[in-house]
Amino acid sequence: MKGETSWISHCFDDMSKEVGGLDSFSELIDEGNKETTAVSVDLILPDDLLERILAFLPVASIFRAGSVCRRWHEIVSSKRFLWNFSNVLSQKPWYFMFTSSDEPVGYAYDPILRKWYGIELPCIQTPNWFIASSCGLVCFMDNDSRSELHVCNPVTKHCKKLEDPPGPKFPDYSALSISVNRTSHNYTVSVVKSKQVPGNFFQWDLSIHIYDSETRMWATSLTEVLTGWRGGDESVICDGILYFLIYSTGGGTPETRHGLVTYSLSGRSSPLLRSFIPVPGPLSCGRLMNLKEKLVVVGGMGKQDRPDIIKGIGIWVLEGRNWNEVARMPHKYFQGFGELDDVFASSGTDDLIYIQSYGAPALLVFDMNQKLWKWAQKCPVSKKFPLQLFTGFCFEPRLEFAP
């Protein structure tokens, strides 16, 4: 284990503080009367009621609870507990931040407890791999052949390697996305590949490949030649619809240099450009994410005379074919990143959006419900050399999902 101990070990270490050194936090002692006999709730509560109580804890606290005693460990490890856990209030998404430019090591931020945990990710070899997440699962795809794919639960460490997807090897651009069904726990993985037609910069072969975990098979859903446009590396699945950004290959104004297209995963294909939706303004950087089955884009707003330099960051929600602006980052937070060029890392799910600069470990959180901006607790890592890069992704910390 590189760096600090794993986040689970960190949780176990904190358990003694939370339970005060007792065998169980359920020992209720009347501090006002030292002669009162200690009463153990463990002897009163049946397993099913204790399961429901523990299921409302944050994930990190559940691991702590599992270290209290044998009975609690058996409860939080049982299938019935996982079922209860999946039906209580949703866990807030965590953010994993890579702290090295050549090794996939870093820390995960828990916004409920406002703590960072040292954690090692399974299945991934370098931070520049493609990453997509949904519910409790994260999908990794290598950045070379774009053919090695793994789906894992970063909390439980359960991992599965997928068969290589069809389509061209070594495409010029690829966009990865995953969607998990919360009821059946089946999942869909999408890879959009884009490769330049030899000798023609304006034409690009684009193909969409879909993996179904139920059938364990890939299918090529669409192949099409785009003229004047190419695919990129941003895609997301919302409510059965695949959204991805395409980029102009013919120049044009900043307002028209990229747009959004949609593809229904249920079948019937039609020319992609028929579904073209202009992006909200001259964005220099667009990040797509699924927040409660709504498509959200976080983008940098470029200067009119220097579109490669952003003057701020905005958040929009797609309503039908129109964009509804949700918020713009206040200038004091924008300045707080220090140097921020035209690209940055941003991802989100549930009600939280995370934004960070590639050049520093500062992490900003936006709550969609409260319309509130807040800095995360300082990450326990500092910038050691000028060219050190930081990036990351968010995921739901779930125990019940397995690839």
Query raised in the report: Do you know which two heavy atoms are closest between A376 and V365, and how far apart they sit?
Result: CB-CG2, 4.2 Å
Query raised in the report: Hey, is NZ on K160 packed in by over 12 heavy atoms from elsewhere, all under 6.0 Å?
Result: yes
Requested in this report: Please indicate whether K383 has more than 12 foreign heavy atoms, meaning atoms of other residues, nucleotides or ligands, lying under 6.0 Å from its NZ.
Outcome: yes
Report task. Indicate whether any N or O donor in one side chain lies under 3.5 Å from an N or O acceptor in the other, for N181 and N186. Result -> no
Query raised in the report: Strictly under 6.0 Å, is that where the ring centroids of Y354 and Y95 end up?
Result: yes
Query - Residue pair S174 / R146: nearest heavy atoms and the distance that separates them - result: OG-NH1, 3.2 Å
Query raised in the report: Do other residues, nucleotides or ligands put more than 12 heavy atoms under 6.0 Å from R114 CZ?
Result: yes
Query raised in the report: Are the aromatic ring centres of H150 and F140 under 6.0 angstrom apart?
Result: no
Report task. Spell out, as yes or no, whether a donor-acceptor pair under 3.5 Å connects the side chain of K193 to the backbone of P168. Result -> yes
Report summary line: The complete set of disulfide bond (SG atoms under 2.5 Å apart) pairs with one or both residues in residues 109-172, sequence neighbours excluded, reads C123-C159
Requested in this report: Taking salt bridge (Lys or Arg N to Asp or Glu O under 4.0 Å) as the test, write out the residues that go with E214, two or more places apart.
Outcome: none
Report task. Please list, chain by chain and in numerical order, all residues satisfying side chain to side chain contact (heavy atoms under 4.5 Å, CB included) with S134, sequence neighbours excluded. Result -> I178, V180
Query raised in the report: Would a distance-only check, ignoring hydrogens and angles, find a side-chain to backbone donor-acceptor pair under 3.5 Å from S213 to Y187?
Result: yes
Requested in this report: Mind checking side-chain hydrogen bond (donor to acceptor under 3.5 Å, both in side chains) for D102 and listing every partner two or more places apart, or none if nothing turns up?
Outcome: S100
Query raised in the report: Can you tell me if NZ on K371 sees more than 12 non-hydrogen neighbours from other groups inside 6.0 Å?
Result: yes
Query raised in the report: Which residue pairs satisfy the disulfide bond (SG atoms under 2.5 Å apart) criterion with at least one member in residues 360-403, sequence neighbours excluded?
Result: none
Query raised in the report: Salt bridge between K157 and E120, side-chain N to carboxylate O under 4.0 Å?
Result: no
Query raised in the report: Within 45° of the six-membered ring axis of Y173 and under 6.0 Å from that ring's centre, is NZ or CZ of R230 located there?
Result: yes
Query - Trace of the side-chain hydrogen bond (donor to acceptor under 3.5 Å, both in side chains) decision for Y243 with E234 - result: CA-CA 8 Å; Y243 298 87; E234 279 292 320; over 6 Å; no
Requested in this report: Mark yes or no for whether S133, through its side chain, and V138, through its backbone, hold a donor-acceptor pair below 3.5 Å.
Outcome: no
Query - More than 12 heavy atoms from other groups under 6.0 Å of CD on E163 - result: no
Query raised in the report: Between Y107 and W116, what is the ring plane arrangement, given parallel below 30°, perpendicular above 60°, and tilted in between?
Result: perpendicular
Report task. Please check if the distance between the ring centroids of F276 and W229 is under 6.0 Å. Result -> yes
Query - Side-chain donor/acceptor of T220 to backbone N/O of L222, under 3.5 Å - result: no
Query raised in the report: For the atom pair CG (L273) and CD1 (I246), what is the distance rounded to the nearest 0.5 Å?
Result: 5.0 Å
Query raised in the report: Taking 4.0 angstrom as the limit, do R182 and E396 come out as a salt bridge?
Result: yes
Query raised in the report: Minimum heavy-atom separation for W204 to Q196, with atom names?
Result: CE3-N, 3.2 Å
Report summary line: dist D212:CG -> W218:CH2 (nearest 0.5 Å) comes out at 11.0 Å
Query raised in the report: Rounded to the nearest 0.5 Å, what separation is found between the CG atom of N143 and the CG atom of N128?
Result: 4.5 Å
**Report entry** Residues forming a side chain to side chain contact (heavy atoms under 4.5 Å, CB included) with D164, sequence neighbours excluded
**Finding:** S147, K161, K169
